[in-house]
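In the text below, chain A, chain B and the rest are named by the order of the sequence lines, each starting its count at 1.
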Protein chains: 2
Amino acid sequence: MNVRPRPVVAELVTRQTPPPCAACAVYDFGICRAASPAWALQPGEPFEFQGSGHTVPARRVVFREHEMTEAVPVICEGWAASTVMLSDGTRQILSFLLPGDLVSTALLFDAKANCSVEAITDVRYRTFNRAELKATLLKNADLLERLSKAWIEEKSRADQLIVDLGRRTAEERIARLILNLKDRLALRGMVRSEPMEMDFPLRQHHIADAIGLTPVHVSKVLSEFRHAGILRISDRSLTILDFARFRRIALMR
Amino acid sequence: MNVRPRPVVAELVTRQTPPPCAACAVYDFGICRAASPAWALQPGEPFEFQGSGHTVPARRVVFREHEMTEAVPVICEGWAASTVMLSDGTRQILSFLLPGDLVSTALLFDAKANCSVEAITDVRYRTFNRAELKATLLKNADLLERLSKAWIEEKSRADQLIVDLGRRTAEERIARLILNLKDRLALRGMVRSEPMEMDFPLRQHHIADAIGLTPVHVSKVLSEFRHAGILRISDRSLTILDFARFRRIALMR
DNA sequence: CGGTGTCTTGAATACCATCAAGTCTTGTGG
DNA sequence: CCACAAGACTTGATGGTATTCAAGACACCG
């Protein structure tokens, strides 16, 4: 079994200076380009933003629920999760954050988030200043457009998750989670095809916390998928072997 | 057992002309006052908006998923639900809409909703024109403020529901749903105290569809609450008899 | 006055959780 | 570099929560 080297993310974290935004694979994808005036960037100026770049190792908390902050973070590289903890230790993951994602559009208007953000892989992110971003928003129709798109998608994904949790079985939920992640990664050019393969740094407990199951049950369902020849997961990489069948499970109803 | 007359809402629906917004109990509560320029209203002008008032009888659909529309509806009176239907007939209620609620802040930016809206009681609502509302938004800091608040609350409630569906038992979910509705009604001055009582037009199948259970199980849990002396439900009215205990169930973790 | 919608209750069943033991991998300090 | 601990995953046995199925009571409406 070929053990692949540590993921690309980890290399970057060890660099002294983060790469400029111009080199970012998702600079055009999210709000970054449209919002760059909020980084006090002049058109044509090299993309070097002092002090707004951060790195966080895997499993560390980026920020905590109810923490006040002026910073509005955008994920540059790596995977993160926004989570809610209950007093008995159980956890719910509200959404996974991928490169280019604004952590939460609500953070634009409220300094207090209602969830924590946790790094899954090593994560690199940058932050906007809320006041500056808001000011830019009112002068920049393109940014407003991008943000409203982000808002609509954020809400739509939350609504989808509600339907999944309320009305679908474990198999359906897992299939839908993986296919959603596949679609989002594909938009970022992060999915290989033939065979359909992608980086998959999630532990089974992440999946469990995201779709309201126990890690044990997630393991059992994934084993089924594996034995049925639908999926292959190894070395933090996931391959969809039987896409048609997998899709049928996800869209069962 | 005293059978109360049909709820106030029904009376209003039978009127020929809807009451002016000035008479609305929640005119100041939601976005209506701040957004009134989008109704082409001059300050001091009597609140009479031609053509923007609608009434819908209970159980009728206000608008359907994926329907395109320029209208951004606000509930004036009555209860509604935003719902998603699955192909096998099961249904998920994403949220209940109360007087003063914008149906969805996402409708401000996208003409296509990802859920349907259904009247629970007879409902009276008015609509803004999206383009006009958007234009007003950019010239009116107060409106932006109100909308961002609505947006944050909408998302926060969706996130809460995700946690409830993913990580809580039937008892907790039902208690939390009822207490959330109580809080929202209280903000609107629609809850009596001593004893704590409110209009409660939901059928048990509404509750079931909202929190991912079956009507049968909802019935069993509500019966428990009733026999334990915690709740009383009759004549579409709900009384919380043992608030402390009920709250403890809702906040169990 | 039958039809429809709502609610209740009981019995049988399905799905997922919990508990437990064991394997394998990963990370860490001696 | 090895030993050990911690984390991640698997698998089986058992149990609990909620679903499904079914039958009946009741209210409301046309």
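Nearest heavy atom pair, residue Leu107(A) against residue Ala113(A), reads CD2-CB, 4.0 Å. Looking at every heavy atom in both residues, Leu165(A) comes nearest to Ile162(B) through CD1-O, 3.5 Å.
Note: CG (Leu213(B)) to P (dC16(C)) measures 14 Å, nearest angstrom. We find that CD1 of Ile207(A) is positioned 15 Å from C1' of dT10(D), with the value rounded to whole Å. Here dC26(D) presents its C1' atom at 14 Å from CG of Asp235(B), a figure rounded to the nearest Å.
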All N/O contacts under 3.5 Å from nucleotides 6-9 of chain C to the protein, with atom names and distances to one decimal?
unit_1: dC7(C); atom_1: OP1; unit_2: Arg236(B); atom_2: NH1; d: 3.3
unit_1: dC7(C); atom_1: OP2; unit_2: Gln204(B); atom_2: N; d: 2.9
unit_1: dT8(C); atom_1: OP1; unit_2: Arg226(B); atom_2: NH2; d: 2.5
unit_1: dT8(C); atom_1: OP2; unit_2: Gln204(B); atom_2: OE1; d: 3.2
unit_1: dT8(C); atom_1: OP2; unit_2: Gln204(B); atom_2: NE2; d: 2.6
unit_1: dT8(C); atom_1: OP2; unit_2: Ser219(B); atom_2: OG; d: 2.8
unit_1: dT9(C); atom_1: OP2; unit_2: Ser223(B); atom_2: OG; d: 3.4

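For the pairing with Glu197(A), the salt bridge (Lys or Arg N to Asp or Glu O under 4.0 Å) check across Lys182(A), Arg232(A), Arg192(A) returns one residue only, Arg192(A).
Within residues 158-174 of chain A, the residues that place at least one heavy atom under 4.0 Å from DNA chain C are, in residue-number order, Thr169(A), Ala170(A).
Asp235(B) and Ser237(B) share no donor-acceptor pair across their side chains, judged by distance under 3.5 Å alone.
Counting heavy atoms from C-beta outward, Ile249(A) and Ile230(A) have side chains that approach closer than 4.5 Å. Side-chain contact between Arg167(B) and Asp88(A) is absent, with no heavy-atom pair separated by less than 4.5 Å.
Other residues, nucleotides and ligands place no more than 12 heavy atoms under 6.0 Å from the CZ atom of Arg64(A).
The distance from the CZ atom of Arg91(A) to the OG atom of Ser116(A) is 10.0 Å, given to the nearest 0.5 Å.
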